[in-house]
Amino acid sequence: MSAPMSDINVDHLSAVRHVILVMSGKGGVGKSTVATQIALGLRHAGKKVGLLDVDLCGPSIPRMFNVHQQDIHQCSEGWLPVFVDKEQKLALMSIGFLVENEQDAIIWRGPKKTAMIKQFLKDVVWRDLDYLIIDTPPGTTDEHISAIENLKAYNPDGAILVTTPQAVSVGDVKREITFCRKTHIPVIGLIENMSGFVCPNCTECTNVFSKGGGQALAKEYHVPFLGCIPLDPELSKSCDEGKDFVEHYEGSPTLQAIQKVVDRLVKIDRDLP
Amino acid sequence: QIGVLDVDICGPSLPKIFGVEGEQVHQSGSGWSPVYVDDNLSLMSVGFLLSKADEAVIWRGPKKNGMIKQFLRDVDWGEIDYLLIDTPPGTSDEHLSIAQYLKESDVDGAIVITTPQEVALLDVRKEITFCRKVDLPIIGVVENMSSFVCPKCKVSTQIFPASTGGGQKMAEDMNVPFLGSLPLDPRIGKCCDEGKSFLTEVPDSPATQAYKQIMSKIVEYCTKRNENRESDSGEMKTN
């Protein structure tokens, strides 16, 4: 993974209108899934979107679009992202593309991770993007500190925080809110993911991971609440298969909840006529 | 006698799950005393060292490693049968440090947890690769959140479908033991939130049975390993 041979020192991030981080203090809450669905939703809304995966140890994004077999190509300006569609409206970058064998682990300590993230932010040729969505690993450590340090000059729009409803998750996400406040990253809002499951057989709704914790957290910390996203096995399957959930499951309450988040982000684009 | 060490420095959930959030760690001549959840169960976590519940631990790798080293060196566990170490997701500083610092301690092994979907298995295969690279034996794989039984109609659904065969197939493919599957029972999350023991509160849940089966496999593995260790040292003595 050597540095690209840039003839020109181009500031690629300056071509991006909105930078949004997807974060959580807790693992397994569905950050990558939410980041993916937001990216797909924004693309369906006609926006040009980039999705940057800075989860170096667990890079799930390429698989979620079924492009995990693809390679990264370099050009004189830097690294070219992988386009998911032939219209080139949705571009991805992930360390997943740079690893030959899917079983290979990235066993790096902080400094090496920090350097890779800096490279991702500086050297990827995004061209004009309406939105750059950045999927992060759980926590408040090297990857997050590095991402924010390198993004500060570009005035990111902020962070979307994802939690599941239960207190154990909310407890960690509180720390993520503290992190955002300390690093002066605005919190665009909080999503309560995996919020309820409707039995496909009898339509009884069960709160598998409790209910309401995310909403209460948003209220307690005065951050906007972006909504509850219920569990849908089809979403999990779509991510596994790299299928566009947004395109195939219009009637799903999960999709409707995601659409509300997308609509909120579209509103951020103040340059719209 | 069980000691539990929480090395998830950024997301220390165990104090809450064990119902001992807000407790204090005491220092004495013999080191840091862990917090006792029960007479035979103690816990150490960075969570006990935070001044506020929402305090963020915004540390880079080296500082996290320093904390982990201190935990391993300075906590006075007393005589314990098992030390369980809960790690954060990933294959980074915390994992490398634990593997490195414990190299001389003959770690019994790692239990690797996954959920059924391919997106999770993708990361867990890497974790298994990590274990192999650092010579950490793998006790086995546990598949969590396997299936959900509707409390009303009792029909079982896979909320996270095992589109590529789930934890069991992955374990087979990677040639590691499969310890079992844990179904999704909403009462597990509830007990964790309330700091109660699910196994005690809901003894008749299929999840409790599944947990017990997995635990007995782990105990069996550790007992066997102990016996092998003793017989090896016995052979060395006679030689």
Side-chain angles (χ1 to χ4, degrees), chain A residues 25-28 32-33 55-60 63-64 102-111 113-114 137-142 144-145 164-169 171-172 174-179 182-183 197 199-202 204 206-210 213 221 231 233 236-237 239-241, chain B residues 8-13 16-17 21 52-62 64-65 88-93 95-97 115-120 122-123 125-130 133-134 145 148 150-153 155 157-161 163-164 174 184-186 189-190 192-194:
Chain A
K26 192 100 190 105
S32 300
T33 304
D55 189 345
L56 302 179
C57 298
S60 333
R63 165 67 61 139
M64 290 180 168
E102 267 188 342
Q103 289 180 13
D104 287 345
I106 299 284
I107 308 172
W108 291 354
R109 289 196 183 269
K113 290 195 287 185
T114 295
T140 51
T141 185
D142 295 89
H144 314 85
I145 300 168
T164 52
Q166 69 225 85
V168 167
S169 174
D172 283 346
K174 274 186 191 173
R175 293 182 235 278
E176 206 72 30
I177 296 178
T178 305
F179 173 81
K182 280 204 155 149
T183 54
F197 175 66
C199 174
N201 186 52
C202 69
E204 166 92 347
T206 308
N207 294 323
V208 183
F209 301 113
S210 189
Y221 281 77
L231 284 158
S236 174
K237 247 200 260 172
C239 289
D240 274 5
E241 295 165 6
Chain B
D8 190 343
I9 307 284
C10 297
S13 321
K16 181 181 234 36
I17 294 176
E21 211 174 19
K52 287 190 295 164
D54 61 2
E55 187 178 326
V57 183
I58 310 171
W59 292 356
R60 289 193 186 271
K64 290 192 288 183
N65 299 336
T91 50
S92 186
D93 287 274
H95 315 84
L96 279 164
S97 294
T115 46
Q117 72 268 48
E118 175 58 25
V119 165
L122 258 180
D123 289 349
R125 287 192 196 100
K126 295 185 212 293
E127 201 70 50
I128 292 173
T129 303
F130 167 82
K133 278 215 154 132
V134 299
M145 307 192 196
F148 169 70
C150 176
K152 189 174 180 202
C153 69
V155 167
T157 312
Q158 278 201 329
I159 294 185
F160 304 109
S163 61
T164 56
M174 306 255 339
L184 246 179
D185 185 328
K190 193 161 182 284
C192 288
D193 278 2
E194 294 171 4

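Just so we're on the same page: letters track the sequence lines, and every chain starts at 1. Every heavy atom of this structure was used, including side-chain atoms; hydrogens, water molecules and symmetry mates were not. As the structure is a computational prediction, the values presented were derived from the model and not from experiment.
B:Gln158 touches chain A through its backbone: at least one of N, CA, C or O sits under 4.5 Å from a heavy atom, while the side chain does not. Proximity to chain A is limited to the side chain of B:Asn65, based on heavy atoms less than 4.5 angstrom apart. Both the backbone and the side chain of A:Cys239 have a heavy atom closer than 4.5 Å to some heavy atom of chain B. At a 4.5 Å heavy-atom cutoff, A:Pro137 makes no contact with chain B through either its backbone or its side chain. Proximity to chain B (any heavy atom under 4.5 Å) is shown, for A:Thr183, by neither the backbone nor the side chain. Both the backbone and the side chain of B:Pro12 come within contact range of chain A, with heavy atoms under 4.5 Å apart. Residue contact with chain A, scored on non-hydrogen atoms closer than 4.5 Å, involves the side chain of B:Pro89 exclusively. Contact annotation for B:Ser97: both backbone and side-chain heavy atoms come within less than 4.5 Å of a heavy atom of chain A. Contacts of B:Ile159 with chain A are made by both backbone and side-chain atoms, with heavy-atom separations under 4.5 Å.
Looking only at distances, no side-chain donor or acceptor of B:Ser92 sits under 3.5 Å from a matching main-chain atom of A:Arg109. Looking at B:Thr129, its side chain does come within 3.5 Å of a backbone N or O of A:Gln103 through a donor-acceptor pair. Not one N or O on the side chain of B:Arg125 forms a donor-acceptor pair closer than 3.5 Å with the backbone of A:Asp104. A donor-acceptor contact shorter than 3.5 Å links the side chain of B:Asp93 to the backbone of A:Gly110. Checked by atom type and distance alone, the side chain of B:Asp54 never pairs as donor or acceptor with a backbone atom of A:Lys174 at under 3.5 Å. A distance-only check finds a donor-acceptor pair linking the side chain of A:Thr140 to the backbone of B:Val57 [under 3.5 Å]. Counting only distance, with no hydrogens or angles, the side chain of B:Lys126 and the backbone of A:Glu102 share a donor-acceptor pair below 3.5 Å.
For the atom pair CD of B:Gln117 and OG of A:Ser236, the computed distance is 4.0 Å after rounding to the nearest 0.5 Å. Put simply, OG1 on B:Thr157 and CG on A:Leu231 are 11.0 Å apart, with the number rounded to the nearest 0.5 Å.
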Criterion side chain to side chain contact (heavy atoms under 4.5 Å, CB included) on B:Asp123 and A:Ser60, from CA distance to verdict:
CA-CA 8 Å; B:Asp123 289 349; A:Ser60 333; 4.1 Å; yes
Verdict with supporting geometry, B:Lys64 and A:Asp142, side chain to side chain contact (heavy atoms under 4.5 Å, CB included)
CA-CA 10 Å; B:Lys64 290 192 288 183; A:Asp142 295 89; 4.3 Å; yes
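Of the residues considered (A:Pro59, A:Ser32, A:Gly25), A:Pro59 shows the highest number of contacts with chain B, using heavy-atom pairs under 4.5 Å. Looking only at heavy-atom pairs under 4.5 Å with chain A, the residue among B:Arg60, B:Lys52, B:Glu118 that has the most is B:Arg60. With respect to chain A, the highest number of heavy-atom pairs below 4.5 Å among B:Ala53, B:Pro116, B:Cys192, B:Cys153 belongs to B:Cys153. Highest contact tally toward chain B, considering only A:Ile107, A:Thr178, A:Thr164, A:Asn201, is held by A:Ile107 [criterion: heavy-atom pairs under 4.5 Å]. Among the candidates B:Pro151, B:Gly90, B:Cys150, B:Pro161, the residue making the largest number of heavy-atom pairs closer than 4.5 Å to chain A is B:Pro161. Among B:Gly11, B:Pro62, B:Ala120, the residue making the largest number of heavy-atom pairs under 4.5 Å with chain A is B:Gly11. The residue among B:Lys190, B:Glu21, B:Met174, B:Glu194 with the most heavy atom pairs within less than 4.5 Å of chain A is B:Met174.
Heavy atoms only, all atoms of each residue included: A:Thr141 and B:Trp59 are closest at OG1-O, 2.8 Å. Of all non-hydrogen atoms in B:Leu96 and A:Trp108, the two that sit nearest each other are CD1-C, 4.4 Å. Pairing each heavy atom of B:Ala56 with each of A:Arg175, the nearest pair is CB-O, 3.3 Å.
The ring-ring contact (aromatic ring centres under 6.0 Å, His included) check on B:Phe148 picks up A:Phe197, with sequence neighbours excluded. Contacts of A:Asp240 classified as side-chain hydrogen bond (donor to acceptor under 3.5 Å, both in side chains), with partners at least two apart in sequence or in another chain: B:Ser163.
No hydrogens or angles considered: a donor-acceptor pair under 3.5 Å links the side chains of B:Ser13 and A:Asp172.
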